[in-house]
Every structure is written in C-alpha cells, then in structure tokens.
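First the structure, in the form of structure tokens, and then the observations on it.
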Amino acid sequence: MNFEYSKQSLELQNKLDDFMQKHIFNNEKEILEFRLDNPWKHSPKLEELKNLAKKEGLWNLFLPRGYGELSPGLTNLEYAPLAELMGRCSFSSEIFNCSAPDTGNMEVLAKYGTDEQKNKWLKPLMNGEIRSAFLMTEPEVASSDATNIKTSIVKENDEYVINGRKWWSSGGMNPSTKIYVLMGKTDPTASRHVQQSMILVPADSPGITIVRPLSVFGYLDSPEGHAEIELKNVRVPKENMILGEGRGFEIAQGRLGPGRIHHCMRLIGAAQRSLNLMCKRVNERETFGKKLKDYSSIRQDIAKSACEIEQGRLLTLAAADKIDRFGAKVGANLIAMIKIAIPQMACNVVDRAIQAFGGMGVSQDTPLASFYVYARAIRLADGPDEVHMYQLGRNLVKEQLTK
Ligand SMILES: Cc1cc2nc3c(=O)[nH]c(=O)nc-3n(C[C@H](O)[C@H](O)[C@H](O)COP(=O)(O)OP(=O)(O)OC[C@H]3O[C@@H](n4cnc5c(N)ncnc54)[C@H](O)[C@@H]3O)c2cc1C
C-alpha cells in the first residue's frame with residue numbers, strides 16, 4: 001500500500017480544510033444552539049453552507065470511482081482523509097452531502113436501483129433536495145442478527161403491503177426525509193438468507209406513523225433524529241422493490257462496504273480534534289504550582305491517544321485500500337477490524353480529553369461530549385462490537401483450517 005495521498009485527494013483536503021476553517025468552525029456554536037432550541041427544524045445557516053459547498057465542488061465526495069459519472073472520481077483511500085476532516089465537526093458531513101444514512105442509501109440506489117428509482121429518488125438525494133432513512137432495526141427482535149427482522153412485505157396484485165414496527169431509523173424525524181429503504185420479509189418460508197427484501201417506501205405513504213423520537217444519552221440528534229415508526233397496511237407499487245424479492249441480504253452486503261466505513265473515517269477526525277483541544281487546554285491550566293501539560297499522567301494520556309489515533313488511521317486506510325483494489329468481500333476482515341477498533345479508540349481518546357478539560361469537558365462548551373456520545377453509539381449503530389468480533393473470529397479460524 002502506498003501511504004502517499006494522491007494529488008487530487010491532497011488538493012481536496014486543502015480545499016475542504018479551508019472551507020471548514022472559514023465557514024464551519026466559526027458557525028459551529030450558532031448551528032448547534034439552533035438545533036438544541038429548534039429540534040426538527042433546519043438551521044438556515046446550515047442550508048446556506050450546503051449551497052456554498054455545492055458551488056465550490058465539495059459535494060457528494062463519498063461515492064467511489066466505480067460509479068462513473070455519479071462519482072467525483074475518488075477512491076475510498078482518497079476519500080478517507082476527507083471524511084476524517086469532516087469528522088472534526090459533528091454536522092459537517094451533511095454540508096457536503098456526505099452524511100449517514102443518506103450515503104449508504106444513495107450507494108444502494110446507485111448500485112441496485114432501476115432507472116425509474118434512480119430518477120425519482122437518487123437524483124434528489126444527490127442534489128441534497130431530500131433526505132432518507134434506513135429502516136431495518138425492530139424493537140421486538142434482536143436486530144443485530146438481521147435474519148430476525150420480521151416486518152412483513154406481502155405482494156397483492158401490483159402492490160406490496162407492509163406491516164411492522166421499526167426503531168432507531170436515523171433521519172426518520174427529519175422533515176426533509178422523503179424516502180425510506182426498508183428491510184422486511186417477503187417469504188418467511190424460504191431459506192434464512194433469502195427471506196428478506198429491501199423496498200422503497202415514500203415517507204408520506206398512508207399507514208405510516210412516526211411514534212416518537214429516541215434520544216441517545218439524552219441527545220435528540222436533531223434535525224435528523226432516530227425515529228420509532230409504525231407501518232400499518234402501507235401500500236407501495238411493485239416497482240419499488242429493490243433488485244428483487246429475497247435479495248435483501250445481498251444488498252445489505254453491498255451496503256456494508258464503503259458506506260459503512262465512513263463512520264470510522266469520521267471518528268478518527270473526532271478523536272484527532274479532541275486530542276488537539278486537549279493539548280491546548282493542558283497548556284492553559286495550572287494546578288498545584290504547575291501546568292497540566294507537565295504532569296506525567298497527562299503526557300501519557302496524550303502520547304497514548306496519539307498512538308491509538310495513528311494506529312486507527314492506518315488500519316482504516318488499509319481497509320479502504322483493500323476495498324478499492326479487491327472489493328468489500330475480500331476486505332471483510334479489515335472492515336471488521338476497523339469497526340471493532342475505531343469506535344472504541346475514539347471513546348478512549350475523547351474520554352481522556354474530557355477528563356483533562358475537567359467539568360467543561362462534559363458541558364456544551366466543547367464538542368467533546370457530543371463526540372463521546374457519537375463514538376459510544378457507533379459501537380452499536382454500525383453493528384455491535386461483539387457481532388464484528390464474532391464474524392472476524394470465525395473468518396480467522398476458518399482461514400487457518402483451510403491453509
Ligand atoms: C444512534 C443509533 C443509530 C442507529 N441507526 C439505525 C438506522 O438508521 N437504521 C437501523 O435500521 N438501525 C439503526 N440503529 C440500530 C442498530 O443497528 C442496532 O441497535 C444494532 O444492530 C443492535 O441491534 P439491537 O439494538 O436489536 O440489539 P440486540 O440484537 O438485541 O443485541 C444486544 C446485544 O447483544 C449482544 N450480542 C449480539 N450478538 C452477539 C454475538 N454474536 N456475540 C456476543 N454478543 C452479541 C451485543 O452486546 C448487542 O449489543 C441505530 C442504533 C443507534 C444506537
């Protein structure tokens with residue numbers, strides 16, 4: 001693997017950093033306060049910045065080269081440092097139309113959608129005119145094993161009828177969310193991995209009730225939010241099926257590739273900014289006659305954090321490089337490794353920074369508290385740590401047995 005970034009990636013890194021310095025960090029407080037005071041409304045400032053980012057060509061950077069004219073032409077390896085830069089601010093990836101769950105949903109539509117599905121849903125998503133949600137997890141079943149998902153999708157003439165209850169549908173509270181990618185069962189009698197399908201469900205379909213927003217350690221993550229959603233006899237045209245009945249797992253495998261390592265890339269940015277803030281803070285404060293930076297325990301925390309961030313960064317780049325060169329299937333072990341290692345690393349690094357900040361660290365006056373909540377939630381949201389370990393362990397044993 002070549003550790004040098006390409007010219008295109010370096011140019012975009014400079015441009016993106018410049019944009020963030022000029023327009024994002026100095027508006028961060030205002031945008032976050034607006035969100036706290038106006039849940040489920042869009043900050044006008046954020047919308048303004050989206051238009052500016054689009055004009056400057058900092059838009060849809062996530063879609064890798066293989067997607068032809070839909071892609072800005074970057075590989076995953078080239079995109080990784082850009083996502084890291086975005087990760088330094090909790091909402092900035094949305095400004096560049098590079099935020100979850102839309103990135104994963106756009107990838108699904110770009111990869112598996114029909115022309116009609118692409119025209120109707122992918123185009124406005126890529127233009128940033130609408131947002132989307134991914135509806136898999138259900139309150140009634142252990143959803144870390146997706147074969148348990150039991151929402152029913154039944155064909156009736158030219159329509160599918162959907163019944164079930166979903167929760168943790170990120171983006172589900174957002175007034176701009178117009179389309180759901182829903183996973184459910186079309187054939188409960190089929191073999192385990194072909195029972196499920198993915199289907200497009202317009203958010204305004206009759207029979208849909210947004211039951212409530214779920215909070216994450218008290219954060220509503222507005223305006224996207226995480227919704228509990230009830231679907232009662234929801235009817236959609238048969239053309240809304242993605243790829244075909246029974247192919248939900250096949251799509252999920254595709255969705256688990258590049259789109260799902262973006263959280264890891266962003267978390268490295270969150271961890272790096274936390275460390276940078278920590279270094280500045282410990283130079284400012286003094287206790288018992290000396291600066292915090294001169295305590296051995298503080299220096300150890302800084303040194304450990306720097307090592308862990310760099311290890312995580314290199315592992316993430318290795319995973320991105322493997323996906324680029326050999327595909328997500330061959331990269332599966334490295335993908336699992338970063339999903340196990342990076343959110344935990346970010347939790348540890350942010351936690352040390354919080355401690356060094358004292359009481360301020362858990363308040364709204366630094367981004368640290370929200371970074372911690374993000375990193376901790378990703379240990380579940382991107383699939384629980386244990387599930388990635390379960391699969392990685394199985395693969396590694398299997399590899400040895402077949403050698
Ligand atoms: C902030 C946030 C955002 C989310 N966004 C979305 C979204 O947009 N769309 C969506 O569909 N879902 C979303 N989720 C849901 C998330 O994907 C699920 O919470 C996750 O898959 C776990 O499913 P579960 O909650 O049903 O936990 P369960 O399946 O009940 O698992 C509970 C625990 O059991 C343990 N466990 C499970 N399997 C194993 C194993 N093999 N070995 C050892 N221990 C194991 C783990 O500790 C696990 O955490 C989000 C979750 C959060 C917190």
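What's counted below: heavy atoms across the whole structure, side chains too, no hydrogens, waters or symmetry copies. Order of appearance sets the numbers: ligands from 1, and atoms from 1 within every ligand.
- Between the side chains of R352 and S305, at least one donor N or O lies within less than 3.5 Å of an accepting N or O.
- Within a 4.0 Å radius of atom 13 (C) of ligand 1, the protein has at least one heavy atom.
- Looking at N97, its side chain never comes within 3.5 Å of a backbone N or O of N60 through a donor-acceptor pair.
- Put simply, the side chain of Q117 gets close to the backbone of E239: a donor and an acceptor are under 3.5 Å apart.
- The shortest N/O to N/O separation between S170 and ligand 1 falls below 3.5 Å.
- Nearest protein heavy-atom neighbour of atom 46 (C) of ligand 1: E386 OE1, 3.3 Å.
- In this structure, atom 32 (C) of ligand 1 has its sub-4.0 angstrom surroundings free of protein heavy atoms.
- Of the heavy atoms in V141, only backbone atoms (N, CA, C, O) come closer than 4.0 Å to ligand 1.
- At a heavy-atom cutoff of 4.0 Å, ligand 1 is contacted by the side chain of P384 but not by its backbone.
- Between V387 and ligand 1, no N or O atom pair is found at a separation short of 3.5 Å.
- In this structure, atom 2 (C) of ligand 1 lies nearest to the protein heavy atom A381 CB, 3.5 Å.
- With N26 contributing its side chain and K22 its backbone, the two residues share a donor-acceptor pair below 3.5 Å.
- For the pair K293 (side chain) and E286 (backbone), a donor-acceptor distance under 3.5 Å is absent.
- With atom 26 (O) of ligand 1 as the reference point, the heavy atom nearest to it among S143, P101, G104 is part of S143.
- Counting only N and O atoms by type, the side chains of R88 and Q272 include no donor and acceptor under 3.5 Å apart.
- Between D145 and R192, at least one side-chain N (NZ, or NE/NH1/NH2) sits under 4.0 Å from a carboxylate O, which counts as a salt bridge.
- Between the side chains of E224 and S170, no donor N or O sits under 3.5 Å from an acceptor N or O.
- Heavy-atom contacts of Y390 reach the following atoms of ligand 1: 41 (N) (cutoff under 4.0 Å).
- Proximity to T137 (heavy-atom distance under 4.0 Å) selects the following atoms of ligand 1: 10 (C), 11 (O), 12 (N), 13 (C), 14 (N), 15 (C), 16 (C), 17 (O), 18 (C).
- Contact annotation: for W168 versus ligand 1, heavy atoms closer than 4.0 Å belong to both the backbone and the side chain.
- A donor atom on one side chain and an acceptor atom on the other are found under 3.5 Å apart for E138 and T151.
- Between W167 and ligand 1, no N or O atom pair is found at a separation short of 3.5 Å.
- No donor-acceptor pair closer than 3.5 Å links the side chain of S222 to the backbone N or O of L220.
- Neither the backbone nor the side chain of E138 has a heavy atom within less than 4.0 Å of ligand 1.
- Note: no N/O pair closer than 3.5 Å links G383 and ligand 1 by distance alone.
- Under the 6.0 Å cut-off for aromatic ring centres, Y79 and H262 qualify, their centroids lying closer than that.
- Taking a distance limit of 4.0 Å, we find that atom 36 (N) of ligand 1 is approached by no protein heavy atom.
- The protein non-hydrogen atom at the shortest distance from atom 20 (C) of ligand 1 is L380 O, 3.5 Å.
- Between S176 and H42, the side chains place a donor N or O and an acceptor N or O closer than 3.5 Å (distance only, hydrogens not considered).
- At under 3.5 Å, a nitrogen or oxygen of S144, whether backbone or side chain, sits near a nitrogen or oxygen of ligand 1.
- Shown in contact with F134 at under 4.0 Å from a heavy atom are these atoms of ligand 1, numbered in order with element: 7 (C), 8 (O), 9 (N), 10 (C), 11 (O).
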